Novice: 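Have a look at the structure that comes next, please.
Just so it is clear, the structure is predicted and the values come from calculations on it, not from any experiment.
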Amino acid sequence: MSNTDNGSVAVPAGVQLPIYMDNHATSQLDPRVLEAMLPYFTSKFGNAASRNHSFGWEAEQGVETAREQIARLIGATAKEIIFTSGATESNNLAIKGIAEMYKERGNHIITQVTEHKAVLDTCKRLEKYGYRVTYLPVKADGLIDLDDLKRAMDDKTILVSIMFANNEIGVVQPVAEIGKLCHERNVIFHTDAVQAVGKIPVDVNAMNIDVLSLTAHKLYGPKGVGALYVRRRNPRVQISAQLDGGGHERGMRSGTLNVPGIVGLGAACEIAREEMESEAARLIRLREKLKAKLEGALDYVHVNGSMEHRLPGNLNMSFVYVEGESLLMGINEIAVSSGSACTSATLEPSYVLKALGLGDDVAHSSIRFGLGRFNNEAEVDYVADKLIDIVQKLRELSPLYEMVKEGIDISKIEWQAH
């Protein structure tokens, strides 16, 4: 890793480049998690489904301990935890499995426009099979309107799937209220809680959650392993298997279990349970410092999404009159994510930011900072200084910024086509 920088911002002592601030995309494996996993790659290598010798029993014991650790973090019981390959599979299993199991009762599903693609694309597929899906809009702060949800429900509604915390803008939905509404109407409530579990308190009973998706690699665990919480009572939720095989995981998800990964997920949940409160407080401090420095030095910057209902480590900001891709190139030694998604050869503005009512130009100028366990204050200072420097340089080259500074209303200008 190089510790040199060719820009005009000096790299302070204690800061190693590149800097990782994209913890919503994935997080670094915690060394304590790796330590818990290692024996299950070598000496404890048994198949957890091998019931007739000590190698299998040892593997099974590792799996059952992890089940308890995950359950403890979200207020569930160990028997309600089903292991999967990650969040995408958990979301698919939840939504398709419930749609199939309850199709006699109804064919209507409700979700929101800012869900992760693993939910949106699953719902789109179900529409091909005759299911009706309502995609709720969000308000300018990224939250759904509970009255919209009430109005959308009818006697054929079988499932509501609303994510706990958004992966781009970090906005936390009113999950307990959504769950309460669903329970009053005998509708199953699923939440994609991938970004929330381990970062903020999650309690499936207090929040009336029936089915919940989570994954290890967003909370300092390994990639390729996740879980699905499925409520066993009041109400008992049943899910049709989407993979057929040996009937593993109470018949809901066949396939040999990824024992080292599962042990890692359990260890990550245990660490999160013990340290979440202090970690959240530290991340909020870092985030507020980053926000204050950027807002203090730059004009025409704004935060996307509610600041009040937000993940501790998330900051999504638009730097108006700056092209997002140029900005990212200017800070290429800092890992963050932009408000554009590269689909095929075109640069599309984020559908989440568009749903908040942002114009394409503003969405393109947005940056998502994902602060995490391994970030420190010196990094925040460096990142803020570097961004301020690059934004100021790019704006010096921007005729639009120049015109706005001179008080010209650029929305009134009629551009000549050549």
Novice: Is the backbone of G245 close enough, under 3.5 Å, to the side chain of S254 for a donor and an acceptor to pair up by distance?
Specialist: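 Between the backbone of G245 and the side chain of S254 there is a qualifying donor-acceptor contact (under 3.5 Å).
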Novice: Is the Lys NZ or Arg CZ of K124 less than 6.0 Å from the centre of Y135's six-membered ring, within 45° of the axis?
Specialist: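 Geometry flag: set, cation within 6.0 Å and 45°.
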Novice: Side-chain contact, heavy-atom cut-off 4.5 Å: V320 with V301?
Specialist: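 V320 vs V301: side chains apart.
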Novice: Quick one about H183 and D210 (side-chain donor to acceptor, distance below 3.5 Å, no hydrogens or angles considered), yes or no?
Specialist: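 Side-chain D/A pair, D210 to H183: present.
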Novice: If you draw the axis of the six-membered ring of Y351, does the NZ or CZ of K117 fall within 45° of it and under 6.0 Å from the ring centre?
Specialist: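 Yes; both conditions hold, so K117 lies above the ring face of Y351.
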Novice: Will you find, in the side chains of T65 and Q69, an N or O donor that is under 3.5 Å from an N or O acceptor?
Specialist: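 On atom types as modelled, these side chains do not qualify, holding no pair under 3.5 Å.
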Novice: Is a side-chain donor-acceptor pair under 3.5 Å present for S27 with H217?
Specialist: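 There is no such pair (donor and acceptor under 3.5 Å, judged by atom type) between the side chains of H217 and S27.
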Novice: Does a donor on one side chain and an acceptor on the other come within less than 3.5 Å for Q242 and E89?
Specialist: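 Side-chain D/A pair, Q242 to E89: absent.
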Novice: Within the 4.5 Å heavy-atom criterion, are N23 and L371 side-chain neighbours or not?
Specialist: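 A side-chain contact under 4.5 Å is absent here.
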Novice: Is a donor on one side and an acceptor on the other found under 3.5 Å between the side chain of E100 and the backbone of S240?
Specialist: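 Between the backbone of S240 and the side chain of E100 there is no qualifying donor-acceptor contact (under 3.5 Å).
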Novice: Would you kindly say whether S350 and E168 are connected by a side-chain donor-acceptor distance under 3.5 Å?
Specialist: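 Looking only at side-chain atoms, E168 and S350 do form a donor-acceptor pair, the distance falling under 3.5 Å.
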Novice: Using 4.0 Å as the upper bound for N to carboxylate O, is an ion pair formed by R395 and D299?
Specialist: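 Yes, charged N to carboxylate O under 4.0 Å.
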Novice: Side-chain donor-acceptor pair under 3.5 Å between N304 and R368, yes or no?
Specialist: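 Side-chain D/A pair, N304 to R368: absent.
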Novice: Checking side-chain polar atoms at under 3.5 Å, does S213 have a donor or acceptor matched by the opposite partner on D192?
Specialist: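 Judged by distance alone, the side chains do not pair up.
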Novice: Can you classify the ring geometry of Y321 versus Y401 as parallel (below 30°), tilted (30 to 60°) or perpendicular (above 60°)?
Specialist: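 Aromatic pair Y321/Y401 classed tilted.
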Novice: With I95, which of T122, V211, I239 fulfils side chain to side chain contact (heavy atoms under 4.5 Å, CB included)?
Specialist: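 In the set T122, V211, I239, the residue that makes a side chain to side chain contact (heavy atoms under 4.5 Å, CB included) with I95 is T122.
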Novice: Going by atom types alone, do S366 and S318 pair a side-chain donor with an acceptor below 3.5 Å?
Specialist: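 S366 vs S318: donor-acceptor pair found between side chains.
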Novice: With a 3.5 Å distance limit and no angle check, can you tell me whether R282 reaches the backbone of N376 through a side-chain donor-acceptor pair?
Specialist: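 Absent.
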Novice: Can you tell me if CD on E275 sees more than 12 non-hydrogen neighbours from other groups inside 6.0 Å?
Specialist: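 Yes, CD of E275 has more than 12 neighbouring heavy atoms, counting only those of other groups under 6.0 Å.
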Novice: Determine, for R236 against E80, whether the closest basic-nitrogen to carboxylate-oxygen distance falls under 4.0 angstrom.
Specialist: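 No, R236 and E80 are not salt-bridged.
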Novice: We want to know whether H24 and N314 form a side-chain donor-acceptor pair, criterion being a heavy-atom distance below 3.5 angstrom.
Specialist: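 There is such a pair (donor and acceptor under 3.5 Å, judged by atom type) between the side chains of H24 and N314.
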Novice: Do R32 and D30 pass the salt bridge (charged side-chain N to carboxylate O under 4.0 Å, His left out) test, and can you show the C-alpha distance, the side-chain angles, and the key distance before you say yes or no?
Specialist: CA-CA 5 Å; R32 296 168 289 180; D30 190 301; 2.9 Å; yes
Novice: Counting N and O atoms only, with roles assigned by atom type, does the side chain of R310 sit under 3.5 Å from a partner on the main chain of A165, one being a donor and the other an acceptor?
Specialist: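 The answer is no, because no donor-acceptor pair under 3.5 Å joins these two groups.
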Novice: Rounded to the nearest 0.5 Å, how far does CG of L228 lie from OG1 of T215?
Specialist: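 Between T215 OG1 and L228 CG, I get 11.5 Å after rounding to 0.5 Å.
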Novice: Do Y131 side-chain atoms and A99 backbone N/O form a donor-acceptor pair below 3.5 Å?
Specialist: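 Yes, the answer is positive, given that a donor and an acceptor are paired below the 3.5 Å cut-off.
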Novice: Distance alone, cut at 3.5 Å: any donor-acceptor contact between the side chains of E115 and Q112?
Specialist: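 Checked: E115/Q112 side chains pair up, N/O donor to acceptor below 3.5 Å.
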Novice: Is there a side chain to side chain donor-acceptor pair (under 3.5 Å) between S90 and T84 once you walk through the steps?
Specialist: CA-CA 6 Å; S90 290; T84 67; 2.9 Å; yes
Novice: Just verifying a value: how many Å separate K386 NZ and S8 OG, rounded to the nearest 0.5 Å?
Specialist: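 Between K386 NZ and S8 OG, I get 6.5 Å after rounding to 0.5 Å.
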Novice: Can you confirm whether N316 sits close enough to F369 that some side-chain heavy atom of one is under 4.5 Å from a side-chain heavy atom of the other?
Specialist: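 A side-chain contact under 4.5 Å is absent here.
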Novice: Y40 and F45: aromatic ring centres closer than 6.0 Å?
Specialist: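 So the answer is no for these two rings.
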Novice: Between D381 and A378 (side chain of the first, backbone of the second, donor and acceptor by atom type, cut-off under 3.5 Å), is there such a pair?
Specialist: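 Side chain of D381 to backbone of A378, a donor-acceptor pair under 3.5 Å: no, none is there.
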Novice: Does a salt bridge link R125 with D121, judged by any charged N lying under 4.0 Å from a carboxylate O?
Specialist: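 A salt bridge is absent here (no side-chain N lies under 4.0 Å from a carboxylate O).
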